[in-house]
There are 2 protein chains.
Amino acid sequence: MIEYSRQPHYLVAVDCIVFGFDGEHLKILLVKRGLEPEINKWSLIGGFVGADESPDDAANRVLKKMTGLEGVYLEQMQIYGDPGRDPIERTFSVGYFALIDIHKYQAQLNDDYEAEWFLINDRPKLIFDHNQMVADARKKLRYKAALHPILFEMLPKKFTIPQLHILFEEVNDTKIDTRNFSRKISSTGLLIKLAEKDKTGSKKGAFYFKLDKKKYTANSQAFLNLIPNLKI
Amino acid sequence: MIEYSRQPHYLVAVDCIVFGFDGEHLKILLVKRGLEPEINKWSLIGGFVGADESPDDAANRVLKKMTGLEGVYLEQMQIYGDPGRDPIERTFSVGYFALIDIHKYQAQLNDDYEAEWFLINDRPKLIFDHNQMVADARKKLRYKAALHPILFEMLPKKFTIPQLHILFEEVNDTKIDTRNFSRKISSTGLLIKLAEKDKTGSKKGAFYFKLDKKKYTANSQAFLNLIPNLKI
DNA sequence: ATTATTAATTGTCGTTTTGACAATTAATAA
DNA sequence: TTATTAATTGTCAAAACGACAATTAATAAT
């Protein structure tokens, strides 16, 4: 008879791929690892799941510590649990991706934890299977963002259509026609046009928009087909 | 400094929601639990992750044992890890859902393991958080099946359009217009019409179809929008 | 042999969505 | 006043969509 006591016990951790957008490029937040093995090498932000917290709790705790932010958009990807993925001891890791407004990130934490933002396409090699995690996160972000309005999570409260446009192009690594993009975004009914314009970067200026929070909350799970000619 | 040795260690398990289709209704496979606590109560099929296997390995092992099948369609849902979800000891469980051809299921295993198929809408209460897992699995199955051609995994090699139609209606718990359904399924180009007809259940008979394996493999990740007026 | 019955199969049409395409507008700089 | 630059908006044909019911192929009944 199988009994609990005879079963092997393992460490369980979380690792977060933190995405941000600086107005031009998609970025991820990495830290220099603070413990052996592989100390001082670049890794995802993460930590062990404590005795009294769920994996989601642990991810939120780690995010709070490393970004200063609470209530971040967080999505569980999958569990990474190949034997030997951690050379010291069998460790399972629950992978998450997080979307944050990079401007809310508390920059002093860079020094505190040796954290740094990297361009998604120009990042250092990471420890263990973290490179695979990043690849998986990018794929899942692309998938989800094609169907659901989640990319707003990476923009400030006021943003312009051109900003949103660039973000979509960055995430999907493709060019999107401005006319069709505007029409599609507009047809979601999720945006509210503000009177103010963003004059940085152009003479004409681009109108600011904000999210219609009510509709956004109500429609956050809606299928939207936001990417033309989508193939995954 | 955080060190591995000071961290708590936990049990890690897998639990599988096994879906099948008997031609009329969606069903799930349940077993009477063979160990304390909650022995002899209905539960999902599952087991602990062994020292030398990944969670995917463990899920496949458990599925092989309980259904006799290998290479089953298996999809990881999420990890269940609330403290206290298992009253004996902190245990994480990786939830999977599996789609199998119910006719390939080896029925003698019913007796060997006290396993039984239940209508998805008429099933016993399950142990721990397994009821939540089933609800999550149903939702995820619906989501995935709306976008990707995965329901074929629950049908035999030869199947008819009416069979497929009923399966879609069962999964989505809604009526779907036959004309629009046929057109949409046909437009995927995934089906090959056979000469043979299925005469059971109607005088006219319904033509058998089979999957175009090549296109299926190539398109298994394609977005298809298979459900009309989809809201999730 | 003809008709009745039953379920499978197929077709139409107006509306909406899509994707490919470039001209216009609003502001500042020259 | 004109030039410049980026934001914004419009058209059109093709495809996809959803709502709708008639026809067909087989067997059973008369």
Side-chain angles (χ1 to χ4, degrees), chain A residues 23-24 146-149 155 158-170 172 174-210 219 222-232, chain B residues 23-24 146-149 155 158-170 172 174-210 219 222-232:
Chain A
E24 295 186 48
L147 296 168
H148 305 284
L155 289 171
K158 296 187 303 185
F159 53 87
T160 67
I161 301 293
Q163 276 171 27
L164 190 61
H165 185 212
I166 293 170
L167 176 53
F168 268 79
E169 290 189 333
E170 275 287 307
N172 291 283
T174 183
K175 286 288 171 191
I176 301 175
D177 182 86
T178 52
R179 292 155 288 188
N180 295 337
F181 180 77
S182 292
R183 181 180 29 169
K184 199 162 266 190
I185 290 294
S186 165
S187 74
T188 65
L190 291 174
L191 297 193
I192 297 174
K193 191 175 193 171
L194 304 180
E196 191 186 357
K197 269 188 170 182
D198 170 24
K199 292 293 189 61
T200 67
S202 88
K203 293 161 189 166
K204 183 176 177 179
F207 279 105
Y208 278 116
F209 288 78
K210 66 173 181 180
N219 286 11
F223 277 112
L224 290 178
N225 191 16
L226 296 166
I227 304 302
N229 295 322
L230 184 56
K231 298 277 186 303
I232 293 220
Chain B
E24 295 186 46
L147 296 168
H148 305 283
L155 289 171
K158 295 188 303 184
F159 54 87
T160 67
I161 302 293
Q163 276 172 28
L164 190 60
H165 185 214
I166 293 170
L167 176 53
F168 268 80
E169 291 189 333
E170 275 287 306
N172 291 283
T174 183
K175 286 288 171 192
I176 302 175
D177 182 86
T178 52
R179 292 156 286 191
N180 295 337
F181 180 77
S182 292
R183 173 166 36 128
K184 199 162 267 191
I185 290 294
S186 165
S187 74
T188 65
L190 291 174
L191 297 193
I192 297 174
K193 193 176 193 170
L194 303 180
E196 191 186 357
K197 270 188 171 184
D198 171 23
K199 292 291 189 62
T200 68
S202 90
K203 295 160 188 165
K204 183 175 177 179
F207 280 104
Y208 279 116
F209 289 78
K210 67 173 182 179
N219 285 12
F223 278 112
L224 289 178
N225 190 17
L226 296 165
I227 304 300
N229 296 321
L230 184 57
K231 298 278 188 300
I232 294 220

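Labels below follow one simple rule: chain letters A, B, ... track the order of the sequence lines, proteins then strands, and each chain is numbered from 1.
Pairing each heavy atom of B:Lys197 with each of B:Lys204, the nearest pair is NZ-O, 3.0 Å. Minimum heavy-atom separation, A:Ala206 to A:Ser202: N-OG, 4.4 Å. Between B:Phe209 and B:Phe207, the shortest heavy-atom contact is CD1-O, 3.4 Å.
The closest donor-acceptor contact from the side chain of B:Asn172 to the backbone of B:Thr174 lies at 3.5 Å or more, if one exists at all. Within the 3.5 Å criterion, the main-chain N or O of B:Arg179 finds no donor-acceptor partner in the side chain of B:Ser182.
Here the NZ-CD1 distance, from B:Lys210 to B:Ile192, works out to 5.0 Å after rounding to the nearest 0.5 Å. Considering CD of B:Glu170 and CG of B:Leu167, their distance stands at 8.0 Å, rounded to 0.5 Å.
Rounding to whole angstrom units, NZ of residue A:Lys184 and P of C:dT16 are separated by 17 Å. If you measure from atom CZ of B:Phe181 to atom P of D:dA16, you get 17 Å, rounded to the nearest angstrom.
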Please tabulate, for side-chain N and O atoms in residues 159-166 of chain A, each donor-acceptor pair with protein atoms closer than 3.5 Å (sequence neighbours left out).
unit_1   : atom_1 : unit_2   : atom_2 : d
A:Thr160 : OG1    : A:Gln163 : N      : 3.2
A:His165 : NE2    : A:Glu169 : OE2    : 3.2
A:His165 : NE2    : A:Ile176 : O      : 2.6

Quick one: the dot-bracket string of DNA chain C, using Watson-Crick and G-U wobble pairs with both distances under 3.5 Å, [ ] for crossing pairs and | for bases paired to another strand. ||||||||||||||||||||||||||||||
For every nucleotide of nucleotides 2-12 of chain C, 5' to 3': is a protein heavy atom under 4.0 Å from its base (B), only from its sugar-phosphate (S), or from neither (-)? ---BSBBSBB-
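Here A:Lys199 reaches the OP1 or OP2 of C:dT28: one of its side-chain N or O atoms lies under 4.0 Å away.
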